[in-house]
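What you see is a predicted model; the values in this text were computed from it and never measured. In what follows, every chain begins at residue 1, and chains take the letters A, B, ... in the order their sequences are listed.
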Number of protein chains: 2
Amino acid sequence: MTAVTRRERVEQKERAILEAAAHAFVESGYDGARMADIAKRAGVAEGTVYLYFKTKTDLMRAFVADFWGDLTQRAEQAVADKGETFEALAALAAMHLQNLIERFDVVELTQSGRVRRGDTPGNREFMKAYVAVFDRIWRRGMDRGELIDTAIHWQARDIFFGSLEYAARTIRLHSDRTQGSVVDNLIETLKQRYAVLPDQKPSTQKSERLLQRLEAAVTRLEKTPNR
Amino acid sequence: MTAVTRRERVEQKERAILEAAAHAFVESGYDGARMADIAKRAGVAEGTVYLYFKTKTDLMRAFVADFWGDLTQRAEQAVADKGETFEALAALAAMHLQNLIERFDVVELTQSGRVRRGDTPGNREFMKAYVAVFDRIWRRGMDRGELIDTAIHWQARDIFFGSLEYAARTIRLHSDRTQGSVVDNLIETLKQRYAVLPDQKPSTQKSERLLQRLEAAVTRLEKTPNR
DNA sequence: CATTATTTACAAGTCAAGCTCATTTTGCGA
DNA sequence: TCGCAAAATGAGCTTGACTTGTAAATAATG
């Protein structure tokens, strides 16, 4: 672990501080976290922390940025092999909901993100890359004609992320409610609203096939002499 | 407005403090607000504030409770004369979105709500009465058969409030995006997913149920060896 | 290697803000 | 007018983020 160059040693220390900060923030929330504790846990004097991060807010920002970076990577992975639009959306939704539930504290940190007036107005920069995963799926769906051309991108996106966030809250509050059905419901909802040929053709085909089968069966039964 | 009884004077002072606090919180956010300023604005010594509200957190809680109480009243009013389910939902959505946009700071205060670990876990109690407005509409819609009977109440609710909140953020960020279309889109989405359709659908649903029944029966028959 | 320069680390100290408490003021009944 | 409890006060206390003067470690130079 012993680094050689100055640069490496500095980076190593920065990571140590960030890690300690992550621990503290998750453990106690933003306000609850003590800079003194973070310093101690990182094996560093309190003043040193301020050489690496100008303020506590900065430290949190770095932590949150890391977090969303991670999520983005995982999201891209989860979506990578999904071809059809709603399949990809379902995969993304499932992953997103999972993460929301598991790490809700961090997500809340992001959003409330120290809103001392005039303090870092654009705190949700981190989410941009994350949200872009959705955007890519959506745009591709439009290009392929799998989505109706009157769909308004950002409204669909707000429904997607908004309802998932609220669902995560609900599920956390009432542990009896399941996540699977939330994703199914959301995707079904989006499908009925935004999919081209929402359901009609397939179901019609299906019922026609079924009718044929029923007819054949009944015909057969009719041929069988009653006893 | 000089009060007479002791009780009245006390209540008047409490209101003055709350009002000053509201001003400070909206102006500067929770962290930015200074107890000293609040005291001064209420025309009271700093120590006095603590006779009425144990902590700063308490003060914010009272403020937020007031806020949601107000909203609830307005929501009930907005919905009162709407008969049909989706008409009522549209009215509620429009009002909610309007409030979210205008007073987003307060709403964010509610949610981030000082999450010092172990500090007042149920901070969103205030919203209960508010959310109940939605619940009433929904339940009535179910009773009247205007909503499909497979609808899961809380999931619909999460879509409703979740997407509105996200839409509010989006609209605040990009002032070019209009609120009217958001409400329309949301209601349309919910309708397509949850409404029992007036003309065709009921019979279709019915025949689909019938088909299922027939299919099951025939499957059973098919398995039975011919006699 | 010795010396100087620069970067990195430290911890004692400053400051601001929430909150406490000993003391004073107020208002009401007798 | 007196007594007394309720209400109010504001000078401190405490805590925690941040500063800063000083020292150690490392690199550059001759």
| Lys13(A), nearest nucleotide to its side chain (from dC10(C), dA9(C), dC18(D)) | dA9(C)
| task | For Asp37(B) and dG18(C), give me the distance from atom CG to atom C1', rounded to whole Å. | result | 13 Å
| query | Nearest-Å distance, CG (Leu51(A)) to C1' (dG21(D))? | reply | 14 Å
| message | Under a 4.0 Å threshold between the charged nitrogen and the carboxylate oxygen, would Glu165(B) count as salt-bridged to Arg169(B)? | response | yes
| query | Do the side chain of Glu46(A) and the base of dC10(C) come within less than 3.5 angstrom through a donor-acceptor pair of N or O atoms? | reply | no
| note | note: Tyr30(B), atom OH; dA17(C), atom P; distance rounded to Å ~ 14 Å
| request: Tell me what Ala33(B) touches on the nucleic acid: a base, only sugar-phosphate, or nothing, going by heavy atoms under 4.0 Å. | output: sugar-phosphate
| request: For the pair Trp138(A) and His153(A), name the ring-plane relationship: parallel under 30°, tilted 30 to 60°, perpendicular over 60°. | output: tilted
| query | So, is Tyr52(B) close to the dA7(D) phosphate, meaning a side-chain N or O under 4.0 Å from OP1 or OP2? | reply | no
| remark: Whole-Å distance, Glu14(B) CD to dA7(D) P, equals 12 Å
| said: Rounded to whole Å, please give me the gap between CD in Glu8(B) and P in dA6(D). | reply: 19 Å
| request: Look at Lys54(A) and dA17(D) and indicate whether a side-chain polar atom (N or O) is within less than 4.0 Å of OP1 or OP2. | output: no
| request: Quick one: label Phe53(A) by what it contacts on the DNA or RNA (base, sugar-phosphate, nothing), any heavy atom closer than 4.0 Å. | output: nothing
| query | Where does the angle between the aromatic ring planes of Tyr166(B) and Phe161(A) fall among parallel (under 30°), tilted (30 to 60°) and perpendicular (over 60°)? | reply | parallel
| task | Can you figure out which of dC18(D), dC19(C), dG27(C) approaches the side chain of Lys56(B) most closely? | result | dC19(C)
| Ionic contact status for Arg61(B) with Asp58(B), cut-off 4.0 Å | yes
| query | Phosphate oxygens OP1/OP2 of dT15(D): is one of them under 4.0 Å from a side-chain N or O of Arg34(A)? | reply | no
| task | Could you state the atom-to-atom distance from CD1 of Ile38(B) to P of dC19(C) in whole Å? | result | 11 Å
| said: The test is side chain to side chain donor-acceptor pair (under 3.5 Å); show your working for Gln73(A) and Gln77(A) and say whether it passes. | reply: CA-CA 6 Å; Gln73(A) 240 178 333; Gln77(A) 226 163 358; over 6 Å; no
| request: Nearest whole angstrom, please: distance from the C1' of dA17(D) to the CG of Asp31(A). | output: 12 Å
| said: Output the rounded distance in Å from CD (Glu11(B)) to P (dA7(D)). | reply: 12 Å
